[in-house]
Chemist: 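The structure follows.
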Amino acid sequence: MKLTLHIALKFLFGKKSKGIINVISTISIVGVGVGSVALLVVLSVFNGLQGLIGDFYGSFDPDIRIEAVDGKYFSMDSLDMEAIRKIDEIACISPLIEDNALLKYNKRQEPAIVMGVDSTFTQVSHIDTIMTDGKFNLKDKHGFGGAIGYVLADKLNVRLTFLTALVIYVPQKDKKINLMRPTEAFNSHYIHPKGIFLVKQQEYDSRLLVDIDLIRRLFNYKKDEVSALAISLKPGASISKVQEVIRNIVGGSFSVKNQQEQHEGFHKMLQIEKIMAYLILSFILVIAAFNLIGTMSMLIFDKKEGIKILKSLGADQKMVTRVFLLEGWLISLIGVFAGVSVGIILVLVQQHFGIIKFAGGGSFVVKAYPIALHLGDILATIVTVITIGFLATLYPVKVIVKKYFNSFN
């Protein structure tokens, strides 16, 4: 193997009979390198986008969320809460109630999701860190408060400094609407929001957070009924292990989801887009690899005398074929490692300095393109390019070497 490698290196970097062959070899290496850079950078951009959106969700979502598989709500008595609370890795468990309501502020009306939470919600989310105005305060001596999402506040024109109250309307169950007095068919309550939060995701920024006791009263929920349980874990705890323990406790009637699983559709869509981008760029690399066929043809032609000498020294056809296969593989190796090195530098520079920014200035949630370097993507790029390069040279090398080898008698 050492002899084969030595000969392949000699053929690749040795003096060629025609200078144009060196140029063509360099072009092949550059082509492989550029393809490697593009593949690694694009995969890293998808990583950055997934991480960015995940950070937005993570500011609001709990580490683990328990929901009923069937139905909008469930009774906490249907769970072995004592066993769940005994799990050492759990830091806090907070009850949640979510339902739809009609909100009215002055003359503006807007349907929205209303979330009932208690004071422990600050321990299972980072709601305090995303308050853009006011503070997270569910109730005080003046009555019920709460926090309203930025988008919803804008639609209703809610301002914390105004004395006007926000009214929550909830239809009463099994009660017909009297057209003469339609309001009698609704439960309603006035609140004065104490803060405005911004998750930078419309589905959350269009919600209203209020005290869970008020929501139970408006929606006629019993004291132990909830829509979900939000769980936060202690630092360093394994989410997957705690998930498995909770699943064994609650059984198949309940779903136990981590932050990524709570937005499974989004992450699946992004993963599919990443795979499609990978396949498209791999196909482009396959097309670029055809350049290797021409390169290897010219390299073999240039080394006809070398093949004759090797044959006269006792080398068989398989050894000569391995020499040129290794030469083609070396071209791919040089290209991919040069390309990956440049790609890593570009990704790290963008990741830490944000050189490439979005057009439009501050109209986006971030100024620069999000990007993140993952070891798996580096390995995938190297393996993909090397495999394509090897397969591209395999057939032509075997055919051409056989032709020249057999021509020498």
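In this chain, residues are counted from 1 in sequence order. Basis for what follows: all heavy atoms, side chains included, without hydrogens, waters or symmetry-related copies.
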Chemist: Which pairs, with at least one residue in residues 84-97 and sequence neighbours excluded, count as a side-chain hydrogen bond (donor to acceptor under 3.5 Å, both in side chains)?
Modeler: S94-D118, S94-T120
Chemist: Got a sec, which residues hit side-chain contact (heavy atoms from CB on, under 4.5 Å) with E261, two or more places apart in sequence or on another chain?
Modeler: Q243, R247, K257, N258
Chemist: Write out all pairs satisfying salt bridge (Lys or Arg N to Asp or Glu O under 4.0 Å) with one or both partners inside residues 281-297, taking only residues at least two apart or from two chains.
Modeler: none
Chemist: Closer than 3.5 angstrom, by distance alone: can the side chain of T393 be matched with the main-chain N or O of F390 as a donor-acceptor pair?
Modeler: yes
Chemist: Can you pull the salt bridge (Lys or Arg N to Asp or Glu O under 4.0 Å) pairs that have at least one residue in residues 31-51, sequence neighbours excluded?
Modeler: none
Chemist: Tell me every residue that passes ring pair (Phe, Tyr, Trp, His ring centres under 6.0 Å) with F74, counting only those two or more places apart in sequence or in another chain.
Modeler: F254
Chemist: Check the pair S75 / D224 against side-chain hydrogen bond (donor to acceptor under 3.5 Å, both in side chains), numbers first and verdict last.
Modeler: CA-CA 6 Å; S75 172; D224 62 342; 2.7 Å; yes
Chemist: Would you mind listing every side-chain hydrogen bond (donor to acceptor under 3.5 Å, both in side chains) that reaches into residues 44-54, with sequence neighbours excluded?
Modeler: N47-K274, N47-H374, N47-D377, Q50-H267
Chemist: Got a salt bridge between E98 and R207, using NZ or NE/NH1/NH2 to carboxylate O under 4.0 Å?
Modeler: yes
Chemist: Do the side chains of E67 and R65 get close enough for a salt bridge, i.e. N-O under 4.0 angstrom?
Modeler: yes
Chemist: Are the side chains of D99 and K72 in contact, using a 4.5 Å heavy-atom criterion?
Modeler: yes
Chemist: Does a salt bridge link D205 with K200, judged by any charged N lying under 4.0 Å from a carboxylate O?
Modeler: no
